[in-house]
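Contents: one structure, followed by commentary.
Worth saying up front: this structure is predicted, and the values here are computed from it rather than measured.
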Amino acid sequence: MSKEKMFEINRRDLMIVGAATAASTGLPATAYAEATPEAVVKPDDLASLDDTLKSTVSFTVNGEKHELSVDNRTTLLDALRERMQLTGTKKGCDHGQCGACTITVNGRRINSCLTLAALHDGDEIVTIEGLGQPDNLHPMQAAFIEHDGYQCGYCTPGQICSAKETLEEIKAGIPSNVTKDLSGPIEATDDEIRERMSGNICRCGAYSNILAAINDVKGQNA
Amino acid sequence: MRAFSLERASDPQQAAKSAASHENSKFIAGGTNLIDLMKLEIETPTHLVDVTQLGLDKIEETDEGGLRIGTLVSNTDLAADDRVRRDYPVLTRALVAGATGQLRNKATTGGNFLQRTRCPYFYDTNMPCNKRNPGSGCAAIGGYSRQLAVIGGSDHCIATHPSDMAVAMRVLDAELETVDPDGKTRSIAVDDLYRLPGDTPEKETNLKPGEVITAVTLPKPVGGKQIYYKVRDRSSYAFALVSVAAIVQPDGTGRVALGGVAPKPWRDEEAEKALPQGAGAVMDTLLADANPTDDNEFKVPLAKRTLAAVLQEAGN
Amino acid sequence: MRFDKPAGDSVLADTKVIGKPVHRVDGPLKTTGTAPYAYERHDVAANQLVGWPVGAAIAKGKLKSVGTKKAEAAPGVVAVLTTLQFDRLPLSQWNTANLFGGDQIEHYHQAVALVVAETLETARAGAAMLEFDYAPDTEASFDLSKTAPTGDEQPLSDVGNFEKAYADAPVTIDVNYTTPAESHAMMEPHASIAAWDGDEVTLWTSNQMIQWDKMALATTLKTTPDKVRIDSPYIGGGFGSKLFLRADAVLAALGAKRTGKPVKVQLPRPMIFNNTTHRGLTEQHLKIGATQDGKIVAISHENKSNALPGGSSEKAPAPTQHFYATDNLYCINRTAEMHLPESNAMRAPGEASGLMALEAAMDELAEKLDMDPVELRIMNDAKVDPSNPNKTFSRRHFVECLRTGADRFGWSKRNRKPGDTREGAWLIGHGVAGAYRGAPAQASGAEVAIRPDGGVVVRTDMTDIGTGSYTILAQTAAEMLGVPVERVRVELGDSRYPVSSGSGGQFGAVSSTAGVYAACVALRKKIADELGKKHDDLTFADGAVHAGGSTTELKKLTRGGRELSAIDTMHFGDFRSEKYVVSTFGAHFIEARVHSLTGEVRLNRMLAVCDAGRILNPITARSQVIGAMTMGAGAALLEEMAVDHDRGFFVNHDLAGYEVPVHLDIPHQEVVFLDVLDPVSTPLKAKGVGELGICGVAAAIANAVNNATGIRVRDYPITLDKIVGKLPTI
Ligand SMILES: Cc1cc2nc3c(=O)[nH]c(=O)nc-3n(C[C@H](O)[C@H](O)[C@H](O)COP(=O)(O)OP(=O)(O)OC[C@H]3O[C@@H](n4cnc5c(N)ncnc54)[C@H](O)[C@@H]3O)c2cc1C
Ligand code: SF4
C-alpha cells in the first residue's frame with residue numbers, strides 16, 4: 001500500500017472555524033496546505049450570497065466542535081465531504097437511495113445526503129472517521145476486514161456505521177419489518193440484521209460477508 | 001436546488017404565518033422527501049420554514065382513549081412506541097415496511113403523509129408531467145406505468161401515493177390536526193386530506209396555504225388482528241406495488257385499505273362489509289372501477305390475492 | 001517475458017503465499033474511509049472548482065441553442081461550457097456515443113453542458129438555469145422487438161448441419177427468451193478531477209483501464225498520450241461501466257482548461273443510467289434437438305440485441321459456442337441499430353445474458369426428456385470445442401462442478417415434480433444451471449523493486465475495482481521475492497507506471513499477476529547478475545537471497561538509497577487460443593420460494609462450485625463469486641432498465657427505480673472452488689473467476705422458480721407480475 005498516495009490528514013488539526021487558523025499537517029508540499037483556510041472556510045460565492053441564504057451552524061463532529069458558515073443548500077454530507085474534507089462518508093446517489101452516506105446524528109443513523117447542514121445546530125455527529133483509524137480500528141471495522149465484508153470499499157463506511165447502529169437498534173428493541181413478535185425483546189437473528197442493513201446497498205454484493213462481520217461483533221458484545 | 005432563506009419557527013401558528021407570507025415557501029421536517037425533490041428542481045421553494053423545533057415530538061394519550069402523535073415524532077419512534085405496538089400494530093407494521101432504518105430515523109409523521117409520488121416521470125424534469133408542471137401532459141399514460149395507479153387516477157395523472165404509514169392511518173381512522181396562519185385549528189380525516197387528481201393533479205391535499213400539521217390522532221383501539229402486507233419486487237427498501245392494511249375481527253368482519261394502487265390510501269367502508277365473504281368479495285367492490293394500464297393490470301388480481309394472504313394469516 | 005507454452009509442473013508448485021487466504025491489504029484504508037476515491041482528492045490540486053454536468057432532454061435530434069446568460073450571472077458560477085461551443089470531439093476506438101461537442105444528440109442524457117462554479121451548490125443551481133432548445137428527430141428506433149437487425153452478420157459458429165439434425169431429432173425444444181437492459185450501478189458514480197499544467201493534463205479519476213483511458217482522452221482532447229496522466233488508485237466499483245473514457249473526465253478536462261483551475265465533475269446518479277453504458281437488451285431464440293435418451297444432436301442459438309449505429313451489442317450466443325457437445329451447432333448474433341444509450345460490456349458480456357436463456361432452455365429440455373437436469377448436462381459435457389473440434393479445453397472440470405454441487409446441495413432430495421413442495425404459503429423449488437465463461441489473458445506489465453529498507457514495491461497501471469488486485473499482486477511479489485506480504489507495497493492505477501492488462505473481462509487478476517511474475521523474474525535475474533550467480537541457483541526466502549551457502553539480505557542489494565528495480569511485461573503467446581479453449585466452468589444450485597398467492601420470489605440458499613484454475617486468494621476470490629451471485633440474483637429477479645418506447649430512454653434511472661439486490665434479498669451463500677491448476681492459462685496456472693460467478697445464476701433461479709410453481713418465465717426479470725396470473729386461482 002502506498003503511503004505517499006494516501007491523503008494523511010490529521011483530522012484533529014482540521015478545525016473549520018471562522019478565523020484562518022485551520023491548518024492541516026502531513027500534506028505533501030504540492031497540495032492544498034496554503035489554500036486550505038481560504039478555500040474551505042469562505043468560498044467566494046458565499047460572499048456573493050445574500051445573508052438570508054446562508055447560515056452559521058455549530059455542531060460537534062467526532063467529538064470536535066465546529067462552527068461553519070454554510071450556504072443553506074449545503075447538505076450535511078457535502079458539508080462533511082467538501083467543506084470539512086471528511087471524505088470517509090461517501091456519496092453514492094445523493095438521494096437517499098443507497099446508504100453510502102450513513103452517519104449518526106445524536107445517536108441515530110441517518111442519510112446525510114437528505115438533510116441540510118444548517119439544520120444541525122448543536123447536534124452531535126459521528127462519521128466513520130470517528131469510529132476508528134487504520135492503526136486503531138473499531139471492532140466493526142476489524143470484523144469487516146476479517147470477513148472481507150467489502151470489495152470496492154465505496155459503500156463500506158456507510159455499511160460499518162449502519163452495522164454498528166443495527167446492533168444498537170436491536171438492543172434498544174426497535175422493531176423491524178421482519179420482527180415476528182412486537183411485544184417481546186428482539187433477537188439479533190440473521191434476518192433481523194439483513195433487514196436492518198437493507199438501507200445500505202453493496203453492488204459488489206458482499207452482503208453475506210457483512211452479515212458474518214456483524215454476527216462476529218454481536219458475539220463479542222454478548 | 002434554488003437558493004432559499006431558512007427560518008426556524010418556534011410555534012405552529014408562527015410557522016403557518018411565515019409560510020403563508022412567503023410566496024414560495026415550504027415547511028421542512030425530516031427533509032427526506034423535500035430535499036430529494038429540491039435537488040432535482042421538482043420542488044423549488046425560496047423560503048423554508050423549519051418546523052423541527054416546535055416541540056411536537058410527543059405521543060400522548062387522549063381523553064377518548066386514543067393517541068395523539070405529534071407531527072415530528074419520527075417514523076422510528078412511532079413504530080417503536082409500546083402503545084402503538086400493542087394497540088395499533090398495523091401502524092407499526094406499515095411504518096417498518098417503509099423506507100429504511102436511516103430514513104425512518106429522520107422521517108416525521110406529518111412529512112410522511114405529505115411525501116410526493118414516486119412516478120418516474122414526475123422525477124424527471126425533462127418529461128411532461130401535469131403534477132409537476134400543470135398542463136404539460138402526462139408521460140406516464142402510455143409510457144412506463146408499472147408502479148402507477150389502477151384506480152382513482154384521471155386522464156391527467158395516474159400517480160400513486162407512496163406512503164405505507166398513511167394506509168395504516170386510513171384503516172385506523174386517524175385524523176390530522178392542523179393550525180392555519182390565523183391560529184385556527186381543525187382536524188381532517190386521512191381520507192379528506194388527499195384529493196384525487198381529476199384535472200388538477202398538482203393539488204394533492206386539501207390543506208390551505210400555510211396550514212401546518214401539528215398532530216395525528218388515533219381513536220380508541222379497535223383490537224382485532226392487524227396486518228400490513230406489502231408486496232414489492234425487492235424484499236426491502238422498495239415502494240409497494242400493492243399493500244394491504246387490514247384489521248380483522250374474530251367474527252370475520254373488519255377493515256381494509258390498499259396502498260400502491262391509487263393516488264391515496266384506498267378504502268371503501270361499504271366494500272369491506274363483504275370481508276367475511278373473503279378477499280374476492282371485498283375487491284370486487286373496492287376495485288370495481290379499476291382502470292389499469294397494460295403495465296399495471298397485474299395489480300388488480302394481486303390486490304385480491306394479497307388480501308387473501310392477509311386473511312389466511314389472520315385466520316391462524 | 002513470453003508465455004509460449006504451458007507452464008511446467010515445477011513452476012510455482014509449492015507456493016507459500018500465492019493461493020493463501022490473505023486479508024485485503026487495503027482493508028484498513030477502506031474500512032476507515034481513508035482510501036481516496038476520485039472525487040474526494042482535495043489534496044492533489046489547490047482551489048478546485050466544481051463542475052455540474054447536464055444531460056440532453058431528448059434521445060435523438062439536434063440541440064438548436066442554449067441560453068446561458070442566467071447561469072453565467074448566477075452567484076458563484078465561473079464558466080458555462082455547452083456542447084455547441086465545441087465541434088464534435090473525436091472518439092477513440094473504445095467509444096461509440098458522442099461524449100461532448102456539436103449539436104447532434106445521439107441518446108438521452110448525452111452530456112450537453114457543464115456549469116463550473118465555486119461550490120457544488122452554485123454549480124448545480126447554475127446548471128438548472130440553462131435554457132435548451134431542441135429539435136427532436138422522430139426517425140428513431142427505441143423498441144427492440146420492432147427493429148430489424150442490420151442483416152450483415154456472420155454466424156459465430158456454424159458446424160455440421162443444424163437444420164437437418166434438428167428436423168431429425170426425436171425430442172426438440174424451440175423457445176424464445178428476452179433479457180432487459182441492465183445497469184452496472186456501481187456504488188461510486190463516475191468522477192474525475194482535472195488539472196492542466198501548460199499543455200499537460202492530469203486526471204484523478206475512476207477508471208478500470210488506465211491505458212485505454214489515457215489513449216482515449218488524448219484522442220478526444222486532440223493531444224498526444226504523453227501529455228495525459230491518469231491516476232485512479234481506488235475505484236468504487238465498475239463492472240464494465242468504467243472500462244472507457246466517459247463524460248465526467250472529458251468535461252472536467254474541458255472545464256479545467258476553460259477556467260485555468262482544477263475542476264472536478266461527478267456524474268449525478270440519475271444521469272448515469274442513460275449517460276453511460278448499459279448491458280444491451282436481448283431477444284434470444286433457442287432450438288435444441290436431442291435423442292430420446294438425452295444426447296444433444298443440434299443446437300441453434302440466435303440473438304438480436306441493440307447497439308447505437310456503429311456500436312457493439314450483447315453477444316448472447318457466446319457461451320453456447322463452447323458449452324455442450326453437439327455435432328450440429330449454429331450461433332449467430334444480430335445487431336439492431338437503435339437510438340437508446342450506448343450498449344457495452346457489463347460483467348461477463350454475452351455469457352451472462354446468453355446463459356440466462358441457454359441454461360433455462362436446458363432445464364426445459366430436461367423436463368421434456370423427463371431427465372434430471374444435472375444428468376442431462378453431464379451427459380452432454382463437451383470433450384472438444386463444439387465450434388472447432390480441433391481444439392480441446394485447456395482444463396475442463398464442468399462435470400466435477402455439477403457432481404460436487406449436487407452432492408453438497410442435497411440435490412438428490414429434490415422433488416422433480418413442479419409445484420409440489422410447500423412450506424406454509426410458500427412453494428419451494430430447486431434449480432441448477434451450468435456456468436461458462438472464457439478465461440482470456442492480456443499482456444500485462446509491472447515494475448518490481450527492492451527498496452533501500454529491504455521492502456518490495458510493485459508499480460503497475462493495473463486497477464483494483466474491488467477485485468483484490470492490491471492483495472494478489474502483493475502476494476505474487478511476496479512469493480517470488482521471499483518477503484512477507486506486509487513488506488510489499490503495491491501502487492496501482494497511475495499511467496506513469498508500466499502498462500497492465502487493466503481490469504475487465506475477468507482477465508485482470510490472471511494477467512496482472514503474470515505481469516508481476518515476469519517483473520519479479522526479471523528482477524531475480526538482475527540480482528543474479530549483481531551477485532554473479534546463476535538465476536536458477538538462487539532462492540528467495542526470509543527477506544534474503546540464498547545461493548550456494550551464501551545469504552544476502554535484500555536491502556544490501558540496493559545502493560545509495562536507490563531502489564533496485566526491474567520492469568517487464570508478460571506477453572501471452574497465440575498457442576493459448578490456437579490449440580486450446582481456455583475457459584472457466586461452474587455450477588449453480590438454488591433453493592427459491594414463491595408465495596402461492598402473491599407470486600413474490602425469494603431465495604433460500606445459493607451454492608456455486610467453480611472450476612477456475614488456481615485460486616490466487618480464496619478470500620478475495622470467494623468475495624468475487626458471492627458478489628457475482630448477488631448480481632445474478634438481481635438479473636434474475638429485479639433488474640430491468642425500463643425503456644420508454646416513445647421517448648427513447650431508460651425511465652427508472654435512479655437507485656430507487658432500478659432495483660439491485662439489498663441485504664435481505666440475499667440468503668446464505670456457499671462457494672466451492674475445485675482444487676485444480678491450469679498450466680495453459682498463465683505461469684500461475686490461474687484463471688479469472690469474477691465473471692464466472694454471475695454466469696448461470698439467473699437461469700438457476702428461473703429453474704428453481706419453475707420447479708416451485710410449474711411456471712416458466714422467459715422474459716427476465718422474473719417479477720411477480722409474470723407469475724401471479726398463472727398461479728392457481730383462489
Ligand atoms: C429512497 C427512499 C425510499 C423510501 N421508501 C419509502 C417506502 O417504502 N414507504 C414509505 O412510506 N415511504 C418511503 N420513503 C419516503 C419517506 O417515508 C418520506 O420521505 C418521509 O416520510 C417524509 O418525511 P419527512 O419528515 O422527511 O418530510 P419532509 O421531506 O420534511 O417533508 C415532506 C413534505 O411534507 C411537508 N411537511 C412536513 N411536515 C409538515 C407539517 N408539519 N405540516 C405541513 N407540511 C409538512 C413538507 O413541506 C414537504 O412538502 C422513502 C424515501 C426515500 C428517499
Ligand atoms: S402520472 Fe402524474 S405524476 Fe406521473 S407523469 Fe403523469 S401527471 Fe406526472
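- Of the atoms belonging to B:D50, it is side-chain heavy atoms, and not backbone ones, that fall under 4.5 Å from chain A.
- Considering every non-hydrogen atom in both B:S236 and A:E195, the closest pair reads OG-OE1, 2.8 Å.
- Around CD of A:E124, the count of heavy atoms belonging to other residues, nucleotides or ligands within 6.0 Å does not exceed 12.
- When each of B:L95, B:V84, B:T92 is paired with A:P175, the side chain to side chain contact (heavy atoms under 4.5 Å, CB included) condition holds for B:T92 and for no other.
- The backbone N or O of A:T115 lies less than 3.5 Å from no partner atom in the side chain of B:K106, so there is not a single donor-acceptor pair.
- In this structure, the separation between NE2 on A:H95 and CG on B:L37 is 9.5 Å, given to the nearest 0.5 Å.
- Put simply, of B:G98, B:A97, B:A99, the one with the most heavy-atom pairs under 4.5 Å next to chain A is B:A97.
- For B:S5 against A:L53, the heavy-atom pair with the smallest separation is N-CD2, 3.7 Å.
- For B:T100, the part lying under 4.5 angstrom from a heavy atom of chain A is the side chain only.
- No other option in A:A118, A:C113, A:A172 has as many heavy-atom pairs under 4.5 Å with chain B as A:C113.
- Panel note: side chain B:N105, backbone A:I110; no donor-acceptor pair is recorded below 3.5 Å.
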query: B:D77 and A:R108: salt bridge (Lys or Arg N to Asp or Glu O under 4.0 Å), yes or no, with the steps?
result: CA-CA 11 Å; B:D77 288 341; A:R108 289 272 176 103; 2.6 Å; yes
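- Interface remark: B:I28 contributes side-chain atoms only to the contact with chain A (heavy atom separation under 4.5 Å).
- Counting only distance, with no hydrogens or angles, the side chain of A:R196 and the backbone of B:G101 share no donor-acceptor pair below 3.5 Å.
- Minimum interatomic distance between B:R8 and A:L119 (heavy atoms only, all atoms of both residues): NH2-O, 3.3 Å.
- Heavy-atom neighbours of A:E187 CD from other residues, nucleotides or ligands within 6.0 Å: at or below the threshold of 12.
- Contacts with chain B were tallied for A:V105, A:D51, A:L182; A:L182 has the most, counting heavy-atom pairs under 4.5 Å.
- At a 4.5 Å heavy-atom cutoff, the contact between B:R85 and chain A is made by backbone and side-chain atoms alike.
- Using a 4.5 Å heavy-atom cutoff, the side chains of B:Q102 and A:L114 are not in contact.
- Side-chain atoms of B:Y237 come within 3.5 Å of backbone atoms of A:C98 as a donor-acceptor pair (strictly under, hydrogens ignored).
- With a 4.5 Å cut-off on side-chain heavy atoms, B:T76 and A:I174 count as touching.
- Looking at A:T52 and B:H47, their side chains never come closer than 4.5 Å, going by heavy atoms from C-beta outward.
- Contact detail for B:L103 and A:G96: the closest heavy-atom pair is CD1-O, 3.8 Å.
- Looking only at side-chain heavy atoms (C-beta outward), B:I35 and A:L116 come within less than 4.5 Å of each other.
- Contact annotation for B:R234: only side-chain heavy atoms (C-beta onward) come within less than 4.5 Å of a heavy atom of chain A.
- When all heavy atoms of B:R93 and A:D181 are compared, the pair lying nearest together is NH2-N, 4.5 Å.
- Pairing each heavy atom of A:S55 with each of B:L6, the nearest pair is OG-CD2, 4.0 Å.
- For B:S74, the part lying under 4.5 angstrom from a heavy atom of chain A is the side chain only.
- Heavy-atom pairs under 4.5 Å with chain B were tallied for A:T166, A:V178, A:N177; the largest tally goes to A:N177.
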